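A short write-up of the structure that comes next.
Since the model is a prediction, treat every value here as computed from it, not as a measurement.
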Amino acid sequence: MNTEYRKPWVHRHWVLMLVLGFVAMMALSLVIGGGVMYMAMSAIKNSAPYHEAMARVRADPRMTGALGEPIQTRWVPLGGVEQREGGIAKILVFLRGPRGEGSVDLQAKFENGAWQYQQIDGVSDGPPRERFDLHHDAEQ
């Protein structure tokens, strides 16, 4: 009875296992990173300050004139929103329309159960590059 010892498959193909393990870890990292990014983006896009900024941009004739209609978001909004007793919101949203691109920058505080907006600036990338104060103009 002559049985020849043969190494297990894992021992014979250890380089392949190393590469497959690396690829699996990278894929898992990308999935987790994408999920975290999606959750953060959803939290910002579902907030009252984001909706207020987009409503003011879409209602402003200077922004719609510079970017065209419809105005849509271009990338993931940057910033954050904390809604507590003394919460804050700082958001930068990149915009695009048929005529051009731009952005809206918002800063607000959450006090006494309501958002108090300190700054809402719309920017059209032009040419010419223009900045519009959407906060004070809407309240006059």
Distance from [X] atom [atom1] to [Y] atom [atom2], nearest 0.5 Å?
| X | Y | atom1 | atom2 | answer |
| --- | --- | --- | --- | --- |
| Q119 | L134 | CD | CG | 10.0 Å |
| S42 | M37 | OG | CE | 11.0 Å |
| D105 | L92 | CG | CG | 5.5 Å |
| M41 | L78 | CE | CG | 12.0 Å |
| R56 | D133 | CZ | CG | 9.5 Å |
| R62 | S124 | CZ | OG | 10.0 Å |

Give me the atom names and distance for the closest heavy-atom approach of [X] to [Y].
| X | Y | result |
| --- | --- | --- |
| G68 | P98 | C-CD, 3.7 Å |
| Y117 | A108 | CD2-CB, 3.5 Å |
| R99 | T64 | NH1-O, 3.6 Å |
| I91 | S47 | CD1-OG, 4.2 Å |
| E130 | F132 | CB-CZ, 3.6 Å |
| V93 | P77 | CG2-CB, 4.1 Å |

Linking directly or through intermediates, with side-chain heavy atoms under 4.5 Å: list the remaining ILVMFWY members grouped with L20, chain and number order.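 Besides L20, the hydrophobic cluster comprises W9, V10, L16, M17, listed by chain and residue number.
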Any link between [X] and [Y] through a network of hydrophobic side chains (Ile, Leu, Val, Met, Phe, Trp, Tyr) touching at under 4.5 Å?
| X | Y | value |
| --- | --- | --- |
| F110 | V81 | yes |
| V76 | Y38 | yes |
| V123 | L67 | no |
| I44 | L106 | yes |

Does the pair L95 and M63 meet the rule for a side-chain contact (heavy atoms from CB on, under 4.5 Å), with working shown? CA-CA 10 Å; L95 307 170; M63 287 296 288; 4.0 Å; yes
Is a salt bridge present between R74 and E101, judged by a nitrogen-to-oxygen distance below 4.0 Å?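 Salt bridge present between R74 and E101.
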I'd like to know if the side chain of R131 reaches the main chain of D121, judged simply by a donor and an acceptor atom lying under 3.5 Å from each other, with no hydrogens or angles considered.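 Answer holds: no.
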R58 versus E69: any side-chain heavy-atom pair under 4.5 Å?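 When only atoms from C-beta onward are counted, E69 and R58 do not touch, as no gap falls below 4.5 Å.
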Flag the pair W115 / E52 as yes when at least one side-chain heavy-atom distance between them is below 4.5 Å, and no otherwise.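 Heavy-atom side-chain distance check fails, nothing below 4.5 Å.
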